[in-house]
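Both ligands and their constituent atoms are indexed starting at 1 by order of listing. Throughout, residue positions are numbered sequentially from 1 according to the sequence presented.
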Amino acid sequence: MATCPDITRGTPDDLDRLQPLWTAVHHHHTSVLPALAPYVSDATSWAERRGLYDSLLAKPDTVLLLAHDGPELIGYGLAHVLPVQHTWVADTWVAGPRIGEIESLGVLLSHRGAGLGTELLTGLIEALRANGVEDLVLGSLVGNPAISLYERHGFRPTWIYLSRFAGR
Ligand SMILES: CC(C)(COP(=O)(O)OP(=O)(O)OC[C@H]1O[C@@H](n2cnc3c(N)ncnc32)[C@H](O)[C@@H]1OP(=O)(O)O)[C@@H](O)C(=O)NCCC(=O)NCCS
């Protein structure tokens, strides 16, 4: 259990260190919705996710927070900022010109339940606010217990994707 984890700001150089953390999120996702199997392998999942993070970390407003327990990375959060214009938000809700997306939040299974996810989420929200971004969105799998954590921080269920993976 982490007693006093250290949270620091990450850089694009940390990208490859995120692999085990993302893989833990991927494993969690497969367990939340087993009925939607088959899922991609860990290697494919990371290759896809690495590409996404690579492009997000190239943007100037992206925030990567890393939680350390000594030399080990035990959690992370990643948020980025995008223009609201021409999005599903702008055509329906009154919002500011830029919106922050909490793209990822993950804590290693062995360190969950000790407040680290809350600290990372709060840190992302504060970093975005310091950059003038207060409108926020995030995506979550239906049924993910993390939704209650987000709701405690003011997020509300807003938009649901339905999938029909009939071509696989
Ligand atoms: C979501 C996550 C980052 C929270 O990290 P954490 O360090 O356990 O968070 P905290 O200890 O600050 O808070 C735990 C709270 O989160 C909620 N929670 C989120 N995911 C949970 C899970 N898988 N199991 C149990 N509780 C979970 C609980 O409601 C809990 O509330 P409580 O304090 O009333 O018990 C972590 O559970 C995780 O990595 N989950 C797998 C990946 C994931 O789902 N990420 C979010 C994708 S949208």
Between the side chains of His86 and Asp91, does any donor sit under 3.5 Å from an acceptor?
no

Please indicate whether any nitrogen or oxygen in Ser148 is less than 3.5 Å from any nitrogen or oxygen in ligand 1.
yes

Subset of ligand 1 atoms that lie under 4.0 Å from at least one heavy atom of Gly113
6 (P), 7 (O), 8 (O), 11 (O)

What do you reckon, does Gly117 have a nitrogen or oxygen under 3.5 Å from a nitrogen or oxygen of ligand 1?
yes

For the residue pair Thr158 and Trp88, establish whether any side-chain heavy-atom pair is separated by less than 4.5 Å.
yes

Note: ligand 1 atoms sitting under 4.0 Å from heavy atoms of Tyr150 are 46 (C), 47 (C), 48 (S)

When you measure from atom 42 (C) of ligand 1 to the protein, is at least one non-hydrogen atom found at a distance under 4.0 Å?
yes

Identify the protein heavy atom lying closest to atom 23 (N) of ligand 1, giving its residue, its atom name and the separation to 0.1 Å.
His28 CE1, 3.3 Å

Got the closest protein heavy atom to atom 13 (O) of ligand 1, with its distance?
Thr118 OG1, 3.8 Å

With sequence neighbours left out, what residues match Glu134 under salt bridge (charged side-chain N to carboxylate O under 4.0 Å, His left out)?
Arg129

Below 4.5 Å, heavy atoms only, C-beta onward: do Glu101 and Leu136 meet side chain to side chain?
no

Is there a polar contact, in the sense of an N or O pair closer than 3.5 Å, between Glu119 and ligand 1?
no

Based purely on interatomic distance, does Leu149 place a nitrogen or oxygen under 3.5 Å from a nitrogen or oxygen of ligand 1?
no

So, regarding His111 and ligand 1 (criterion: nitrogen or oxygen to nitrogen or oxygen, under 3.5 Å), is there a contact or not?
no

Between the main-chain N or O of Val89 and the side-chain N or O of Thr87, is there a donor-acceptor pair closer than 3.5 Å?
yes

Is the closest N or O pair between His29 and ligand 1 shorter than 3.5 Å?
no

Nearest protein heavy atom with distance in Å, relative to atom 20 (N) of ligand 1
Ala146 N, 3.5 Å

Take atom CD of Gln85 as the centre, draw a 6.0 Å sphere, and report whether it contains more than 12 heavy atoms from other residues, nucleotides or ligands.
no

Do Val40 and Glu48 have side-chain heavy atoms sitting under 4.5 Å apart?
no

Can you tell me which residue and heavy atom of the protein come closest to atom 11 (O) of ligand 1, and the distance to 0.1 Å?
Gly115 N, 2.8 Å

Which of the atoms in ligand 1, numbered in the order shown and given with their element, are less than 4.0 Å from a heavy-atom of Ala114?
11 (O)

Tell me, which protein residue and heavy-atom name are nearest atom 39 (O) of ligand 1, and how many Å apart are they?
Val107 N, 2.8 Å

Atom 21 (C) of ligand 1 [closest protein heavy-atom partner, distance rounded to 0.1 Å]:
Pro145 CB, 3.7 Å

Quick check: does any side chain N or O of Thr62 sit under 3.5 Å from a backbone N or O of Leu56, one acting as donor and the other as acceptor?
yes

With a cut-off of 3.5 Å and sequence neighbours excluded, list every side-chain donor-acceptor pair involving residues 13-20.
{"from": "Asp14", "atom 1": "OD1", "to": "Arg17", "atom 2": "NH1", "distance (Å)": "3.4"}
{"from": "Asp14", "atom 1": "OD2", "to": "Thr11", "atom 2": "N", "distance (Å)": "2.8"}
{"from": "Asp16", "atom 1": "OD1", "to": "Arg50", "atom 2": "NE", "distance (Å)": "2.7"}
{"from": "Asp16", "atom 1": "OD1", "to": "Arg50", "atom 2": "NH2", "distance (Å)": "3.2"}
{"from": "Asp16", "atom 1": "OD2", "to": "Arg50", "atom 2": "NH2", "distance (Å)": "3.3"}

Rounded to the nearest 0.5 Å, what separates atom CG in Asp61 from atom CG in Asn131?
4.5 Å

Quick one: nearest non-hydrogen protein atom to atom 31 (O) of ligand 1, plus distance?
Arg152 NH2, 2.9 Å

Can you report which non-hydrogen protein atom sits closest to atom 45 (N) of ligand 1, along with the distance?
Leu105 O, 2.8 Å

Just by distance, do the side chain of Arg9 and the backbone of Val63 share a donor-acceptor pair under 3.5 Å?
no

If you measure from OG on Ser104 to OH on Tyr53, what distance do you get to the nearest 0.5 Å?
2.5 Å

Protein non-hydrogen atoms only, distance under 4.0 Å: does atom 2 (C) of ligand 1 have such a neighbour?
no

Using non-hydrogen atoms of the residue, decide whether Gly139 is closer than 4.0 angstrom to ligand 1.
yes

Considering only protein heavy atoms, determine whether one is less than 4.0 Å from atom 37 (O) of ligand 1.
yes

Leu116 heavy atoms within 4.0 Å reach ligand 1 at atoms 7 (O), 12 (O)

Hey, are the side chains of Ile102 and Leu128 touching, using non-hydrogen atoms and a 4.5 Å cut-off?
yes

